[in-house]
Amino acid sequence: MSPTQPDHLAALRLAVRRRLLPWFARHARDLPWRQEPRDPYAVWISEIMLQQTRVDTVIPYFQRFMKRFPTPAHLAAAPMRDVLKHWEGLGYYARAHRLHQAAQVLVRDYQGRLPDDPALLAKLPGLGPYATAAIASLAFGHPRAALDGNIMRVLARLTALPGDITRSATRRKLQHLADTLLAPKHPGATNEAWMELGALVCTPRNPRCSACPLARLCKARAAGRPEAFPQKPKKKKLPHKVVGAAVILNRSNQILIAQRHPDKGMLNGLWEFPGGKRRDTETMAGCIARELREEMGLTLEVGPRLVIVHHAYSHFTIELHAHFARILKGRPLHLDCADHAWVTPDQFDAYPFSKADHGIINAMRALPRPPRQRDYF
DNA sequence: AAAACGGGGAC
DNA sequence: GTCCCAGTTTT
């Protein structure tokens, strides 16, 4: 049943205690969320931030976040815009919304603390199998093997595991392997040691096998091709979208910004220069005029272009054309947006924007002076 | 099972 | 340019 031979498995179990854990004790990075004793709240925040996000990116975000929201009660009581401002640029904004929701559950049901029970942790918004196991083991010492991208890669190489890593059958084999190899007395350290090994030594490309404490046991290395594991399917090409955005100036030279729906879709809850996807048959001016009519009930005159911003998302790329505009008719309605505000360029910092819209902001700030309606119309 | 969901660093 | 990261949720 097991893809791994019994004697190899036994050797791996021994090597976890004799080699992996000592290696980790020696090489563990001093990261801000690793202060002992572990604060379950800090473990939680760090684990959510670290999802699909590298350690070096997370560190400054984690420090700002913990300073502003030091406990679940602080987080639960904070306005969502403040939370999003601290998440701005980190991506996957649903994580921030779920964190905020979960903090409110903690205050309501668990005296403002994370429950010391994996079954209860698993019910919190944003906690899937990985995060539940990570928090249960790291913060509370429960024997739960956390399976993340690092651990899957390390274990797939150690055993030269065949099969597509995205298939559930392969995932089950890896979970079973991780469960089997978990040192019962040191579940948190085992999980972290695998992850540290994956991050520092057993990297996706150019793994440093000569520095690996488990190199002698590695089937992929024995086969001479560690990078062949884990097996993954080929990526599809990303679709490309052309998007228009309006920098609408009023007579006081304030600029209209709109808030995206907080509960659905891309960049949820962030603020933006309103606009949308151009249809094949449209001009850019026609696209922007139509989008603002549909989203906010405004009739626009679209003026000259400010900038074109290129940006890549996880599942498509965009070319964002920002044009100056002014309102010919109407006042901003929330037909397909959550909120709006008229602000001057120096007030952009108070609102969370996406990376692409920061390109527009930067272009505006690079102008000789803040834009005025009469400069363009 | 597949798609949606960001952004950045390494190569 | 490509890959992929301390994944979760929805369809």
Side-chain angles (χ1 to χ4, degrees), chain A residues 28-29 31-34 42-62 84 87-99 101-102 121-139 144-154 164-171 175 178 188 190-200 202-207 227 230 232-240 260-261 263-270 309-318 352-359:
Chain A
R29 288 167 293 179
L31 301 174
W33 45 88
R34 284 186 177 165
V43 172
W44 173 41
I45 300 301
S46 66
E47 288 300 340
I48 301 302
M49 286 187 170
L50 286 161
Q51 288 171 5
Q52 302 293 285
T53 312
R54 296 175 196 280
V55 164
D56 289 340
T57 303
V58 165
I59 288 173
Y61 281 91
F62 176 81
L84 278 176
W87 206 270
E88 183 184 40
L90 202 51
Y92 287 134
Y93 297 92
R95 293 184 294 177
H97 292 275
R98 292 177 188 134
L99 215 48
Q101 293 164 15
L121 286 172
K123 293 183 183 183
L124 294 170
L127 293 198
Y130 165 77
T132 300
I135 297 169
S137 64
L138 293 171
R144 295 290 190 283
L147 202 60
D148 77 320
N150 279 315
I151 302 185
M152 287 193 283
R153 182 175 61 256
V154 173
D164 184 337
I165 196 79
T166 62
R167 295 268 320 277
S168 61
T170 312
R171 298 282 180 114
Q175 183 70 55
T190 311
N191 284 328
E192 266 188 322
W194 287 126
M195 290 189 268
E196 200 78 341
L197 190 65
L200 299 180
C202 195
T203 47
R205 282 178 290 193
N206 303 321
E227 289 184 80
K232 293 192 172 181
K234 287 182 180 172
K235 292 256 171 112
K236 294 174 197 166
K237 275 200 168 179
L238 301 181
H240 183 71
R260 300 174 63 87
H261 292 293
D263 301 323
K264 62 174 187 182
M266 290 271 297
L267 309 169
N268 40 339
L270 295 194
V309 178
H310 295 266
H311 193 72
Y313 292 102
S314 48
H315 49 304
F316 59 87
T317 59
I318 67 164
F353 288 91
S354 71
K355 187 67 183 174
D357 277 37
H358 271 288

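First the proteins, then the strands, lettered A, B, ... as listed; each starts at 1. Note that the structure is a prediction, hence the values are computed from the model and not measured.
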Notebook entry, point to check: Between T53(A) (side chain) and Q51(A) (backbone), is there a donor-acceptor pair under 3.5 Å?
Noted result: yes
Next item on the list: Using modelled atom types only, decide if a donor and an acceptor are shared between the side chain of R171(A) and the backbone of I165(A) within a distance under 3.5 Å.
Entry: yes
Notebook entry, point to check: If you look at every strand shown and take non-hydrogen atoms under 4.0 Å, does I151(A) touch a base, only sugar-phosphate, or nothing?
Noted result: nothing
Check: Could you state the CD1-C1' distance from I48(A) to dG7(C), rounded to the nearest angstrom?
Finding: 9 Å
Check: Looking across every strand, which nucleic acid part, if any, lies under 4.0 Å from T203(A) by heavy atom: base, sugar-phosphate, or nothing?
Finding: nothing
Check: Where do W33(A) and F62(A) land on the ring pair (Phe, Tyr, Trp, His ring centres under 6.0 Å) test, with the steps shown first?
Finding: CA-CA 8 Å; W33(A) 45 88; F62(A) 176 81; 5.2 Å; yes
Notebook entry, point to check: Looking for any heavy atom pair under 4.0 Å, which part of the strands does K237(A) touch: base, sugar-phosphate only, or nothing?
Noted result: nothing
Notebook entry, point to check: Checking all strands, does G265(A) fall into the base, sugar-phosphate, or nothing category for heavy-atom contacts under 4.0 angstrom?
Noted result: sugar-phosphate
Check: For DNA chain C, whose closest nucleotide is more 5', that of P125(A) or that of R29(A)?
Finding: R29(A)
Next item on the list: Please work out if L267(A) contacts a base, only the sugar-phosphate, or nothing of the nucleic acid, heavy-atom cut-off 4.0 Å.
Entry: sugar-phosphate
Check: Is the shortest side-chain N/O distance from Q52(A) to OP1 or OP2 of dG7(C) below 4.0 Å?
Finding: yes
Notebook entry, point to check: Just how far, in rounded Å, is C1' of dC5(C) from CE of M195(A)?
Noted result: 13 Å
Checklist line | Heavy-atom donor-acceptor pair, R260(A) side chain to N268(A) backbone, under 3.5 Å | finding: no
Next item on the list: Would you please say whether a donor-acceptor pair under 3.5 Å links the side chains of Y130(A) and E47(A)?
Entry: yes
Check: More 5' along DNA chain B: K264(A) or R167(A), using each one's nearest nucleotide?
Finding: R167(A)
Notebook entry, point to check: For L238(A) and dC4(C), what is the distance between atoms CG and C1' respectively, to the nearest whole Å?
Noted result: 13 Å
Check: Using the C1' atom in both, what is the distance from dG6(B) to dC5(C), to the nearest Å?
Finding: 12 Å
Check: Taking all atoms of both residues into account, what is the closest heavy-atom pair of R29(A) and A199(A), and its distance?
Finding: NH2-CB, 3.7 Å
Next item on the list: Nearest whole angstrom, please: distance from the C1' of dG7(C) to the CG of L50(A).
Entry: 11 Å
Checklist line | Atom-to-atom span, CZ of R171(A) to P of dT8(C) - whole angstrom | finding: 10 Å
Check: What nucleic acid atoms does R34(A) come within less than 4.0 Å of, heavy atoms only: base, sugar-phosphate, or nothing?
Finding: base
Notebook entry, point to check: Could you state the CG-C1' distance from D148(A) to dA6(C), rounded to the nearest angstrom?
Noted result: 5 Å
Check: NA contact type, A146(A), heavy-atom cut-off 4.0 Å: base, sugar-phosphate, or nothing?
Finding: nothing
Check: L127(A) CG to dT8(C) P: how many Å, rounded?
Finding: 8 Å
Notebook entry, point to check: Counting any heavy atom closer than 4.0 Å, what does L31(A) reach on the DNA or RNA strands: base, sugar-phosphate only, or nothing?
Noted result: base
Next item on the list: In whole angstrom, give me the gap between the C1' atoms of dA6(C) and dA3(B).
Entry: 22 Å
Notebook entry, point to check: With a non-hydrogen cut-off below 4.0 angstrom, is S46(A) in contact with a base, only sugar-phosphate, or nothing?
Noted result: nothing
Margin query: Between R98(A) and V55(A), which residue's closest nucleotide on DNA chain C lies nearer the 5′ terminus?
Written below: V55(A)
Checklist line | Any donor-acceptor pair under 3.5 Å from S46(A) side chain to V43(A) backbone | finding: yes
Next item on the list: For residues Y313(A) and H315(A), establish whether the separation of their ring centroids is below 6.0 Å.
Entry: no
Notebook entry, point to check: Between which nucleotides of DNA chain B, 5' to 3', does chain A make heavy-atom contacts below 4.0 Å?
Noted result: dA1(B) to dA10(B)
Checklist line | Sugar-phosphate, base or nothing in reach of M266(A), heavy atoms under 4.0 Å | finding: sugar-phosphate
Checklist line | Heavy-atom pair with the smallest gap, counting every atom of N191(A) and A133(A) | finding: ND2-O, 4.4 Å
Check: Which part of the nucleic acid, if any, lies within contact of W33(A), taking any heavy atom under 4.0 Å across all strands shown: a base, the sugar-phosphate backbone alone, or nothing?
Finding: base
Note to self: Check the phosphate of dC5(C) against R153(A), side-chain N and O only, distance under 4.0 Å to OP1 or OP2. Yes or no?
What the structure shows: yes
Margin query: Pick the closest DNA chain B nucleotide for R54(A) and for A169(A) by heavy atoms, then say which residue is nearer the 5' end.
Written below: A169(A)
Next item on the list: Could you tell me the separation between the NE2 atom of H315(A) and the C1' atom of dT10(C), rounded to a whole number of Å?
Entry: 13 Å
Note to self: Students often get this wrong, so: under 4.0 angstrom with heavy atoms, is Y313(A) touching a base, only sugar-phosphate, or nothing?
What the structure shows: sugar-phosphate
